[in-house]
Amino acid sequence: MSATNKPDRRLTVADIHSMHADGERLPMLTAYDYPTARILDDAGIPMLLVGDSLGQVLLGYDSTVRVSMTEMLHHTAAVVRGSKRALVIADMPFLSYSSVDDALANAGRFLREAGATAVKVEGGVRSARTVEALVRAGVPVMGHIGWTPQSQHGMGGKVRVQGKSRETARALLADAIAIQEAGAFSMVLELVPEQLAASITSRLRIPTIGIGAGAGCSGQVQVITDVLGLGDFSPRHARKYADLQATIRSAAEAWAADVRTGNFPGPAETVRMDEQTLDEVLGRTAQDRASADAMASDGMGLGAGIPLDRDL
Ligand code: KIV
């Protein structure tokens, strides 16, 4: 499937496989809200990941571990509403798939309630049984191996490149094979040395989507706030393609200055009404004035209600 020959409907995992088989490199971006999803979809991004990075980059938590199912469902539904073509993948949050039953119930909620097409599950060999059960139940799954943020407390807390030693690299290879064999349609490789990521990719049938894993993956994923320059800090593997922080700040400052000087709103942002109707509403017509004069000479005071101009 070429970039100019994309179907005018929501993409499926079969489309992602065709794009991979055609040798296309696959871009994926995170999205968490309706307007961003709309723009990214319009830009032709084929996969939108509602990552649990939501917690840190949008909700201000100190880690992804704090993100709940309710929050993920809320944001996934917004991304689905904002997109027409992209395959929307919802990240299963921490402890939402700690048993196969939980995984099935929560993945079902992402597909049924929020309209996602697939879910993402962290972990290699340790998550293979869960991935297999989800796939068997009809839920397309994206795996996620290497640095897996939900296990950060068990991995020493500090963000680290994974698989640099012989043992850990072999373990990562085993993770990748286990997730592929469990039926995942694709997998994220996060913070993996470039050569190892390329070797894993070359041994798999399914596409790898790298983040901090070099150019040898089948595709790349980035956190949208990093790409747009909206984050508090920028990880080494990210490249900023816009400086929205500066753009938003200067737009807000310019607007506030216009409010302070009375420059906003101007005629273009203001609605006026028919003057004649306004005169009638406010009791300014000649007839209003005459009846006010008559009431005054009869010694009647102001009536109850809003004072009209004729009464002032
Ligand atoms: O939550 C997320 O944004 C992710 C990506 C970094 C792959 O898992």
Side-chain angles (χ1 to χ4, degrees), residues 13 28 30 47 49-56 63-69 72 76 89-111 116 118-137 139-165 167-193 196-197 199-201 203-213 217-219 221 223:
V13 296
M28 175 163 91
T30 66
M47 290 190 283
L49 170 68
V50 189
D52 61 359
S53 49
L54 163 80
Q56 282 153 304
S63 91
T64 61
V65 163
R66 305 273 302 275
V67 178
S68 68
M69 265 308 286
M72 287 301 299
T76 302
I89 302 138
D91 219 354
M92 302 278 291
F94 183 56
L95 295 187
S96 68
Y97 52 102
S98 43
S99 72
V100 167
D101 285 349
D102 283 351
L104 289 170
N106 288 319
R109 294 190 72 193
F110 277 124
L111 270 58
V119 299
K120 179 167 80 59
V121 166
E122 290 189 5
V125 171
R126 71 183 158 90
S127 295
R129 210 167 70 85
T130 305
V131 172
E132 200 176 330
L134 287 169
V135 173
R136 214 175 319 114
V139 180
V141 179
M142 175 176 272
H144 182 159
I145 63 169
W147 172 253
T148 47
Q150 290 172 14
S151 328
Q152 60 170 307
H153 298 302
M155 289 167 103
K158 200 161 174 287
V159 179
R160 260 185 227 290
V161 174
Q162 303 294 302
K164 282 171 105 173
S165 69
E167 290 70 30
T168 57
R170 287 229 173 114
L172 260 187
L173 262 170
D175 281 339
I177 299 292
I179 291 305
Q180 171 177 269
E181 296 315 309
F185 74 94
S186 156
M187 80 185 69
V188 168
L189 299 184
E190 180 163 359
L191 296 186
V192 175
L196 179 61
S199 300
I200 291 174
T201 301
R203 282 165 171 75
L204 297 179
R205 300 181 302 277
I206 61 173
T208 57
I209 311 292
I211 177 163
C217 296
S218 326
V221 56
V223 170

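Numbers here are sequence positions counted from 1.
Looking only at side-chain heavy atoms (C-beta outward), W147 and V161 stay at 4.5 Å or farther from each other. Proximity of V221 to M47: side-chain heavy atoms (C-beta onward) are nowhere separated by under 4.5 Å. By the 4.5 Å heavy-atom criterion applied to side chains, K120 and F110 are not counted as neighbours. With contacts defined as side-chain heavy-atom distances shorter than 4.5 Å, the pair R160/L191 does not qualify. Residues R170 and L173 fail the side-chain proximity criterion, which asks for heavy atoms closer than 4.5 Å. No side-chain heavy atom of D91 sits less than 4.5 Å from a side-chain heavy atom of V50. Within the 4.5 Å cutoff, side-chain heavy atoms of V119 are placed close to those of V139. With contacts defined as side-chain heavy-atom distances shorter than 4.5 Å, the pair P149/E190 qualifies.
Under 3.5 Å, the side chains of T130 and S127 contain no donor-acceptor pair of N or O atoms. A side-chain donor from one of S151 and R126 sits under 3.5 Å from a side-chain acceptor of the other.
S63 contributes a side-chain N or O that, together with a main-chain N or O of V65, makes up a donor-acceptor pair within less than 3.5 Å. For E122 (side chain) and G143 (main-chain N/O), no donor-acceptor pair under 3.5 Å exists by modelled atom type. Counting only distance, with no hydrogens or angles, the side chain of R203 and the backbone of S199 share a donor-acceptor pair below 3.5 Å.
Take S186 and apply the side-chain hydrogen bond (donor to acceptor under 3.5 Å, both in side chains) test, not counting sequence neighbours, and it matches no residue. Among residues two or more places apart in sequence or in another chain, the side-chain hydrogen bond (donor to acceptor under 3.5 Å, both in side chains) test is passed with D175 by none. For A176, the side-chain contact (heavy atoms from CB on, under 4.5 Å) partners two or more places apart in sequence, or in a different chain, are I145, M187, I200, L204.
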Dump the intermediate steps for side chain to side chain contact (heavy atoms under 4.5 Å, CB included) on M28 and V188, then the final yes or no. CA-CA 10 Å; M28 175 163 91; V188 168; 4.0 Å; yes
Please determine whether side chain to side chain contact (heavy atoms under 4.5 Å, CB included) holds for the pair T201 and L189, giving the CA-CA distance in whole Å, both sets of side-chain angles, and the decisive distance to 0.1 Å. CA-CA 9 Å; T201 301; L189 299 184; 4.2 Å; yes
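Interatomic distance, CG of L104 versus CG of D102, reported as 9.0 Å (0.5 Å rounding). The CD1 atom of I89 sits 4.0 Å away from the CE atom of M142 when rounded to the nearest 0.5 Å. Atom OG of residue S98 and atom CG of residue N106 lie 9.0 Å apart, to the nearest 0.5 angstrom. From S218, atom OG reaches atom CD1 of I209 across 6.0 Å, with rounding to the nearest 0.5 Å.
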